[in-house]
There are 2 protein chains.
Amino acid sequence: MKPLTIGRLSRAANVKVTTIRYYETIGLMGTPDRSASGQRLYGMVDVERLSFIRHARELGFSIDAIKDLIRLQTAPDQDCSAVDSIAQQQLVEVQKRLAQLEALERELKRMIENCRGGEIDGCQVMAAINNHAECESEKHERLKPL
Amino acid sequence: MKPLTIGRLSRAANVKVTTIRYYETIGLMGTPDRSASGQRLYGMVDVERLSFIRHARELGFSIDAIKDLIRLQTAPDQDCSAVDSIAQQQLVEVQKRLAQLEALERELKRMIENCRGGEIDGCQVMAAINNHAECESEKHERLKPL
DNA sequence: ATACAGTCTACAGTCACTATAGAGGCAAGC
DNA sequence: GCTTGCCTCTATAGTGACTGTAGACTGTAT
Ligand SMILES: [Zn+2]
Ligand SMILES: [Zn+2]
Ligand SMILES: [Zn+2]
Ligand SMILES: [Zn+2]
């Protein structure tokens, strides 16, 4: 039951030290106890909480959504519909993004397949980027970083 | 052949005014002529260049990749393999991202389907986020913003 | 005792923009 | 000429979710 330093917590939950400190500043992790010399000290609760956060991030939940999930965790006898709707919303986001990326994949493939090489002047890839008209069938939505 | 103000260019290429000025500061659009009173003045060349940039962004190319593409455009008798490989690389990125998101979709669906409602304490969605072990088959990669 | 890894704070940088503030410019209607 | 109302200008800060750096201190192993 020895407390863990931030580095040990980092290895236990597989989250970088700097990220843990960042999570503290934004209130996602609480403010830990400190040793006499000022080092942060953590327990198993923190390992679990940080692992939960990590997995939620891997599933694409935003920090704000994770804050909500953690709040809900502390009221364990409430109905879980709030939790489920956060997950449901996340699924919808993922599916939207999937549709976007599938359209992108089709368009890039078509561009690349059409190019027969040669001078840049006649490159079909370049032409396809230039001609928005050619791909009007697929209207692009605002694209977040890939 | 009247020059366009930034607002007209904005409507012509469907790119926001602030974004055009931003593209200028990062050297993606050149520095335009100015009117006597200091307003930016653009021509058809700029409409085409900005439309090209817009479509490339919609296809997910990074600003740096677009800079490369524009550099290549100015050497139109070179072989287009450099262009094609930028597009090919982009396709690879899109496909990586697709695979990630498909894994995410599967996992979220499974979580949501398993939950039969009730108290948060027994919520399968919560449990699934908590138990990294349950989904070890799908190892998550570093996830960029959805 | 010394070396070296870990920890501390505070702040700047990333990407591709978006938003805001405050000042000055331009065309149309009266 | 004057007012109205939008357009444009610069400069700066904010977004999300971190990452990187500088410079100082601490803890541990040999
Ligand atoms: Zn080509
Ligand atoms: Zn297109
Ligand atoms: Zn549930
Ligand atoms: Zn998982």
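The basis for the numbers below is simple: all heavy atoms, side chains too, and nothing from hydrogens, waters or symmetry mates.
Look at Ser37(B) and you won't find any side-chain N or O under 4.0 angstrom from OP1 or OP2 of dT8(D). Within the 4.0 Å cut-off from OP1 or OP2 of dT8(D), at least one side-chain nitrogen or oxygen of Thr5(B) is found. Between Arg142(A) and dA16(C), a side-chain N or O to OP1/OP2 separation shorter than 4.0 Å is absent. Between Thr19(B) and dT18(C), a side-chain N or O to OP1/OP2 separation shorter than 4.0 Å is present. Here Arg21(B) does not reach the OP1 or OP2 of dA19(C): none of its side-chain N or O atoms lies under 4.0 Å away. Distances shorter than 4.0 Å separate none of the side-chain N or O atoms of Tyr22(A) from OP1 or OP2 on dG16(D). Residue Arg34(B) places at least one side-chain N or O closer than 4.0 Å to OP1 or OP2 of dT10(D). Under 4.0 angstrom from either OP1 or OP2 of dT10(D) there lies at least one side-chain N or O belonging to Arg40(B).
Here dA17(D) presents its C1' atom at 11 Å from CG of Asp64(A), a figure rounded to the nearest Å. At whole-Å resolution of the value, NZ in Lys16(A) and C1' in dT14(C) are 13 Å apart. What separates CD1 of Ile53(A) from P of dA17(D) is a distance of 13 Å, to the nearest Å. Look at CZ on Arg54(A): it is 15 Å from C1' on dC18(D), rounded to the nearest Å. As rounded to whole Å, 14 Å separates atom P of dT8(D) from atom CD of Glu24(B). If you measure from atom OH of Tyr42(A) to atom P of dG6(C), you get 16 Å, rounded to the nearest angstrom. In this structure, Leu28(A) atom CG and dA17(D) atom C1' are separated by 11 Å, rounded to whole Å. One can place CG of Leu143(A) at 12 Å from C1' of dA16(C), the figure rounded to the nearest angstrom.
Closest-nucleotide positions on DNA chain D for Ser62(A) and Gln39(A) were compared, and the one nearer the 5' end corresponds to Ser62(A). Taking for each of Phe61(B) and Leu41(A) the nucleotide of DNA chain C with the nearest heavy atom, the 5'-most of the two is the partner of Leu41(A). Residue order along DNA chain D, read from the 5' end via each residue's closest nucleotide, puts Gly7(B) first among Ala36(A) and Gly7(B).
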### Query
Is there a salt bridge (charged side-chain N to carboxylate O under 4.0 Å, His left out) between Glu58(B) and Arg142(A) once you walk through the steps?
CA-CA 7 Å; Glu58(B) 285 170 342; Arg142(A) 191 88 182 80; over 6 Å; no
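Out of dG6(C), dC8(C), dC18(D), the shortest distance to the side chain of Ile63(A) is found at dC18(D).
A salt bridge links Arg40(A) and Glu24(A); the closest N-O separation between the charged side-chain nitrogens and carboxylate oxygens is under 4.0 Å. Between Arg49(B) and Asp46(B) there is no salt bridge, since no side-chain nitrogen of the basic residue lies less than 4.0 Å from a carboxylate oxygen of the acidic one.
Using a 3.5 Å distance cut-off with no hydrogens or angles, the side chains of Asp64(B) and Ser62(B) do not pair a donor with an acceptor. Between the side chains of Gln95(B) and Glu105(A), at least one donor N or O lies within less than 3.5 Å of an accepting N or O.
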